[in-house]
Amino acid sequence: MRTTTALTRIVTGMAAIVLAGATLAACTYTVDGDGQAPPEGERLAGSFDELLEQYLAHEENPFVIEVLTSAIQTGGITQAQYDEAHRMYTDCMVNAGYEEEYKRLASGIIQITPPDMSAEQAQKYMETSADCADELAPIEALYRAQQGNPDLLTNGDEIVVACFKRNEIVDATYSTTDLAGDLENRFADAEYDPNDASVQECFSAGGYSVAFDEGK
């Protein structure tokens, strides 16, 4: 189901918070025509199998069809299948002349950091990335949900907060409003370390790639 869109978020200053590889549709929550994230509590599907079926019904790429058909039969997308989709994307980007940085998280998701570029260059990069993501986009969206969004929530911030709570990173009263404040304030008053591996996993689950340098 190709209506899925990743929402790019950038905070500048002492910290840089960038959704790396935004055009990969890595985040599984949708954005409506006005650029608004869906309401909290909304879910992608009733079950992960149902979500796989939804994607499969709209898929045309043979490799993706093979992966999704296998996932429906076995109960999930394997690390090897995800890695192969990522390899196809990487080869395409390298052939286009781009050198991205890659970091594998504990969940198995590969975090993509774009190269430094001007605004004009960024537009071309985004277009090329979208063109190269035919295999990776749907598979990463589903694999990210499988690994870090067991409730199949559609709202990215809600996904992050739910993950924080599952991992006891924050207390039960922490909300998406608190998360927005932490991002806006560059974690000045956050009750967690944004560079902690568990925190990074939660940001990744919600579609964020957070790079925080306290020295800048």
Side-chain angles (χ1 to χ4, degrees), residues 1-7 19-31 38 42-96 98 100-113 126 128-156 158-160 162-163 166-167 197-198 200-209:
M1 190 167 70
R2 293 304 181 82
T3 58
T4 305
T5 306
L7 181 61
L19 177 58
T23 57
L24 298 184
C27 181
T28 54
Y29 67 93
T30 59
V31 179
E42 187 172 286
R43 284 174 167 72
L44 295 162
S47 68
F48 189 64
D49 281 349
E50 181 182 322
L51 185 61
L52 289 168
E53 294 279 6
Q54 289 178 11
Y55 270 75
L56 183 59
H58 297 271
E59 189 54 59
E60 297 179 357
N61 184 289
F63 174 78
V64 179
I65 290 173
E66 179 183 350
V67 170
L68 299 189
T69 300
S70 171
I72 291 169
Q73 295 171 345
T74 63
I77 298 171
T78 68
Q79 184 71 64
Q81 289 169 331
Y82 168 76
D83 287 352
E84 178 61 12
H86 193 276
R87 182 196 64 77
M88 293 179 181
Y89 165 80
T90 302
D91 287 351
C92 181
M93 291 298 284
V94 170
N95 290 336
Y98 291 102
E100 300 171 313
E101 293 183 10
Y102 306 108
K103 176 184 178 182
R104 187 183 296 278
L105 303 177
S107 62
I109 291 290
I110 298 174
Q111 198 173 75
I112 303 172
T113 302
M126 299 270 288
T128 303
S129 179
D131 290 341
C132 286
D134 197 40
E135 290 84 12
L136 182 56
I139 291 175
E140 179 156 2
L142 289 163
Y143 192 69
R144 189 180 294 272
Q146 173 183 297
Q147 299 298 93
N149 184 16
D151 298 320
L152 301 181
L153 300 168
T154 61
N155 184 288
E158 192 178 12
I159 293 169
V160 174
C163 180
R166 282 198 308 274
N167 290 282
S198 296
Q200 286 283 316
E201 288 288 347
C202 291
F203 278 129
S204 175
Y208 285 99
S209 178

First locate atom CG of Leu136, then atom CE of Met93, and finally report the distance between them rounded to the nearest 0.5 Å.
-> 11.0 Å
For the student: nearest non-hydrogen atoms of Asn167 and Cys202, plus distance | ND2-SG, 3.8 Å
For Ala45 and Gln54, work out which heavy atoms get closest and say how close.
-> CB-NE2, 3.7 Å
Parallel under 30°, tilted from 30 to 60°, perpendicular over 60°: which one fits the rings of Tyr208 and Phe203?
-> perpendicular
Positive for side-chain hydrogen bond (donor to acceptor under 3.5 Å, both in side chains) with Ser107, one of Gln200, Gln146, Glu201 = Glu201
Approximate separation, where rounding is to 0.5 Å, of Glu60 CD and Ile65 CD1 | 7.5 Å
Would a 4.5 Å heavy-atom cut-off, applied to side chains only, mark Asp91 and Val94 as touching?
-> no
Identified ring pair (Phe, Tyr, Trp, His ring centres under 6.0 Å) partner of Tyr143 from the options Phe48, Tyr82, Tyr55 = Tyr82
Contacts of Asp83 that satisfy side-chain contact (heavy atoms from CB on, under 4.5 Å) - sequence neighbours left out | Gln79, Arg104, Ile110
Return the set of residues passing side-chain contact (heavy atoms from CB on, under 4.5 Å) with Arg166 (not counting sequence neighbours), or none when no residue passes.
-> Pro150, Asp151, Ala162, Cys163
Can you sort out the partners of Tyr102 under ring-ring contact (aromatic ring centres under 6.0 Å, His included), two or more places apart, ordered by chain and number?
-> His86
Grab the two heavy atoms, one from Ala133 and one from Pro138, that are nearest each other, plus how far apart they are.
-> O-CD, 4.2 Å
Interatomic distance, CG@Leu152 vs CG@Leu51, rounded to 0.5 Å, equals 6.0 Å
Test side-chain contact (heavy atoms from CB on, under 4.5 Å) applied to Glu66 - qualifying residues, sequence neighbours left out | none
Working for side-chain contact (heavy atoms from CB on, under 4.5 Å), residues Gln111 and Ile109 | CA-CA 6 Å; Gln111 198 173 75; Ile109 291 290; 5.7 Å; no
Got a sec: does the CD of Glu50 have more than 12 other heavy atoms crowding it under 6.0 Å?
-> yes
Output, in order, the C-alpha distance, side-chain angles, deciding distance and verdict of side chain to side chain donor-acceptor pair (under 3.5 Å) for Tyr89 and Ser129.
-> CA-CA 8 Å; Tyr89 165 80; Ser129 179; 3.2 Å; yes
With sequence neighbours excluded, what pairs up with Ala96 under the side-chain contact (heavy atoms from CB on, under 4.5 Å) test?
-> Tyr98, Thr128
Between the CD1 atom in Ile77 and the CZ atom in Arg144, the distance rounded to the nearest 0.5 Å is 12.0 Å
Closest non-hydrogen atom pair, Gly148 against Ala205 = O-CB, 3.5 Å
Which value, rounded to the nearest 0.5 Å, describes the distance between Leu153 atom CG and Asn149 atom CG?
-> 5.0 Å
Between Glu59 and Asn61, is any pair of side-chain heavy atoms under 4.5 Å apart?
-> yes
Does some side-chain heavy atom of Phe63 sit less than 4.5 Å from a side-chain heavy atom of Ile139?
-> yes
Sorted by chain and residue number, the salt bridge (charged side-chain N to carboxylate O under 4.0 Å, His left out) partners of Glu84 (sequence neighbours excluded) come out as Arg87
